[in-house]
There are 2 protein chains.
Amino acid sequence: MNANNEGDGDGIQSTKTSFEIIHALQDIGPARLSEIASHLDFAESTTHRHLRTLQDLRYVSREGERYQIGLRFSRLGRAAQTRDPAYEMAKPHIQTIAEKTEERAQFVAEDHGLGIYLHVETGDRGVHVGFGVGRQIHLHGSSSGKAILANYPREYVDEIFDRWELPALTENTITDREELYEELEAVRERGVAFNREEHVEGVNGTAVPVKRDGKVLGALAVAGPSHRLTGDWFEKELPNMMLATANELELNLTYSTPGSADDHLVE
Amino acid sequence: MNANNEGDGDGIQSTKTSFEIIHALQDIGPARLSEIASHLDFAESTTHRHLRTLQDLRYVSREGERYQIGLRFSRLGRAAQTRDPAYEMAKPHIQTIAEKTEERAQFVAEDHGLGIYLHVETGDRGVHVGFGVGRQIHLHGSSSGKAILANYPREYVDEIFDRWELPALTENTITDREELYEELEAVRERGVAFNREEHVEGVNGTAVPVKRDGKVLGALAVAGPSHRLTGDWFEKELPNMMLATANELELNLTYSTPGSADDHLVE
DNA sequence: GTATTAATTCCACATGGTGGAAATCGGTTG
DNA sequence: CAACCGATTTCCACCATGTGGAATTAATAC
């Protein structure tokens with residue numbers, strides 16, 4: 001909830017540098033020291049020291065003379081995906097939706113003003129867009145995002161819009177604040193959000209929020225080719241099915257014990 | 001392949017500190033500044049600065065006054081799990097095995113001398129031990145680990161044993177080097193590894209290596225209650241089924257295009 | 001209102017991160 | 001076998017910047 005206008009000047013420099021290197025590895029894949037250093041325009045000695053540190057931590061490993069992301073990150077990724085047990089409880093519902101609809105079903109949560117795919121189930125017919133688990137998306141251009149934003153206080157929505165702005169992802173993306181506020185108002189009333197090729201050309205979507213004692217946890221969403229997601233199926237039946245699923249999930253959430261055990265072994 | 005006896009003295013201190021804080025959050029869950037600081041015995045001001053830096057990076061977020069792991073880590077976790085496209089290709093085979101056997105099936109890869117669960121499919125009857133995706137295990141005490149080690153050069157195996165030692169995980173764990181070398185030799189000949197309650201009491205397992213042009217990528221494994229995994233089923237039929245699956249997977253691997261596209265959006 | 005507790009900011013000091021230069025390593029070639 | 005790369009790794013001196021104690025602010029209870 002802090003406006004947090006990008007602490008660019010302060011913060012711990014070497015931590016940022018280490019993560020820049022990690023991001024470079026994430027982006028360009030296995031790479032040699034010199035590639036990484038020149039890619040980021042860092043001194044090779046500096047890059048080397050960071051890589052060695054990250055290697056000691058097991059967050060970077062090497063295959064011969066190339067550095068790459070360490071598998072240890074899958075542990076942290078998992079920790080993120082399960083930081084709230086509710087996220088895991090959404091998974092079977094996503095699977096059900098994917099089976100029933102034969103379309104791509106997703107569970108999206110918000111963090112730092114972005115949407116993050118926590119579960120993705122691509123039915124046999126489901127569209128294969130390049131958005132897998134862990135992917136981060138702008139909230140204003142997706143059904144899930146709108147379902148979430150619609151349940152946030154206006155001021156927080158504003159912070160998010162300030163921070164990430166409203167880039168046009170396709171020519172249908174709503175990029176006008178006032179228009180978006182109205183859209184969110186409508187979503188709040190209907191309880192359902194739609195996305196008509198606002199995120200990716202040729203892809204429609206619809207989403208419903210998932211709440212736990214009043215607070216939004218994320219959104220269940222379905223995405224598919226715009227030619228298949230049309231008419232009553234898209235506007236009525238699909239949303240109703242999803243509302244029912246969300247409702248069921250919400251019941252699970254309220255009646256489940258909030259505790260969750262986890263053991264520690266090799267860290 | 002570097003012996004790398006824990007660079008404890010050198011390395012970039014602040015990067016290590018940042019990750020210590022991240023690990024604390026991973027372990028103790030959402031926590032306040034003062035808890036984290038006292039848990040790690042760091043000054044609060046220092047802890048605060050690291051947390052703010054990590055927050056700027058979106059790797060830490062706050063719920064009210066508690067800090068927690070940021071969902072952004074799921075992206076890195078995903079990057080790790082897909083750093084080799086072969087890992088993903090193993091997934092459907094794991095599902096098949098889980099269905100056929102009705103036991104827990106896993107795909108494990110090695111990094112930094114540890115085994116890491118990359119896919120876990122728990123059949124309906126499958127045992128629920130606390131080892132999910134991302135979990136790190138000692139190689140010497142699991143069937144997957146032994147299947148992998150059996151295909152490594154002796155010197156590398158030694159490095160791993162030196163680094164992680166051979167703790168007794170249960171009273172059945174093989175903790176003697178010579179005995180382990182012999183066991184690995186047998187695994188290499190048979191092409192199959194067994195685990196008879198060496199990792200967890202009451203849990204047996206069997207694993208086969210998965211190779212791509214001669215190099216081990218990981219292992220397919222099945223684990224289940226020791227009373228169910230016995231006799232010919234455990235020692236013959238199950239291994240044969242898994243060998244067949246691994247073989248099929250290996251064929252997929254050799255005849256698939258090594259390239260893989262990935263797009264970049266919000267990072 | 002005041003007391004209490006925790007989070008945040010400030011600050012002076014010296015730790016330790018930095019990049020250029022030198023040394024080492026691993027191949028390749030004459 | 002020696003000379004020569006290209007790349008990685010280590011060294012080193014400078015000073016940027018990370019550090020923890022103390023002061024300040026914020027939040028909440030009394």
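Note: hydrogens, waters and symmetry copies are ignored here, and every other heavy atom, side chains too, is used. Remember, it's a predicted structure, so these values are computed and weren't measured experimentally. Each chain gets a letter, A, B and so on, in the order its sequence line appears, and its residues count up from 1.
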- Does any pair with a residue in residues 35-47 of chain B pass side-chain hydrogen bond (donor to acceptor under 3.5 Å, both in side chains), and if so which ones, sequence neighbours excluded?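 Non-adjacent pairs meeting side-chain hydrogen bond (donor to acceptor under 3.5 Å, both in side chains): B:Glu35-B:Arg66.
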Please state how far atom [atom1] in [X] lies from atom [atom2] in [N], giving the value in whole angstrom units.
X	N	atom1	atom2	answer
A:Leu51	D:dT10	CG	C1'	15 Å
A:Arg52	D:dC11	CZ	P	10 Å
A:Leu40	C:dT18	CG	C1'	15 Å
B:Lys16	C:dG16	NZ	P	11 Å
A:Leu33	D:dT10	CG	C1'	13 Å
A:Ile36	D:dA7	CD1	P	14 Å
A:Arg66	D:dA7	CZ	P	11 Å

- Of A:Thr15 and A:Glu44, whose closest DNA chain D nucleotide lies nearer the 5' terminus?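 Its nearest nucleotide being more 5', the pick is A:Glu44.
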- Could B:Arg177 and B:Phe161 be counted as a cation-pi pair, given that NZ or CZ must be under 6.0 Å from the ring centre and within 45° of the axis?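 The answer is no; the distance or angle limit is not met.
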- Message: Using the side chain to side chain donor-acceptor pair (under 3.5 Å) criterion, which residues pair with A:His140? Sequence neighbours excluded.
- Response: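 Applying side chain to side chain donor-acceptor pair (under 3.5 Å) to A:His140 gives none.
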- List for me each residue that meets side chain to side chain donor-acceptor pair (under 3.5 Å) alongside A:Ser18, sequence neighbours excluded, and say none if there are none.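 Side chain to side chain donor-acceptor pair (under 3.5 Å) list for A:Ser18, sorted by chain: A:His50, B:Thr15.
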- Between D:dT8 and A:His48, is there an OP1 or OP2 to side-chain N/O distance shorter than 4.0 Å?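 For A:His48, the contact criterion (side-chain N or O under 4.0 Å from OP1 or OP2 of D:dT8) is not met.
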- Has A:Arg62 got a side-chain N or O lying under 4.0 Å from the OP1 or OP2 atom of D:dT9?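 Yes, because at least one side-chain N or O of A:Arg62 sits under 4.0 Å from OP1 or OP2 of D:dT9.
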- Message: Protein within reach of the bases, or only the backbone? For nucleotides 19-30 of chain D, mark each nucleotide 5' to 3' as B, S or -, using heavy atoms under 4.0 Å.
- Response: BBB---------
- Task: Give the nucleotide from the list C:dA6, D:dT8, C:dT8 with an atom nearest to the side chain of B:Arg32.
- Result: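 Of all the options, the side chain of B:Arg32 is nearest to C:dA6.
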- Task: Taking ring-ring contact (aromatic ring centres under 6.0 Å, His included) as the test, write out the residues that go with B:Tyr117, two or more places apart.
- Result: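 Expected list: none.
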- Which residues satisfy the ring-ring contact (aromatic ring centres under 6.0 Å, His included) test with B:Tyr67, sequence neighbours excluded?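 Testing B:Tyr67 for ring-ring contact (aromatic ring centres under 6.0 Å, His included), a comparison that skips the adjacent residues, returns none.
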- Check against salt bridge (charged side-chain N to carboxylate O under 4.0 Å, His left out), A:Glu63 and B:Lys215: CA-CA 12 Å; A:Glu63 175 84 25; B:Lys215 284 178 58 188; 2.4 Å; yes
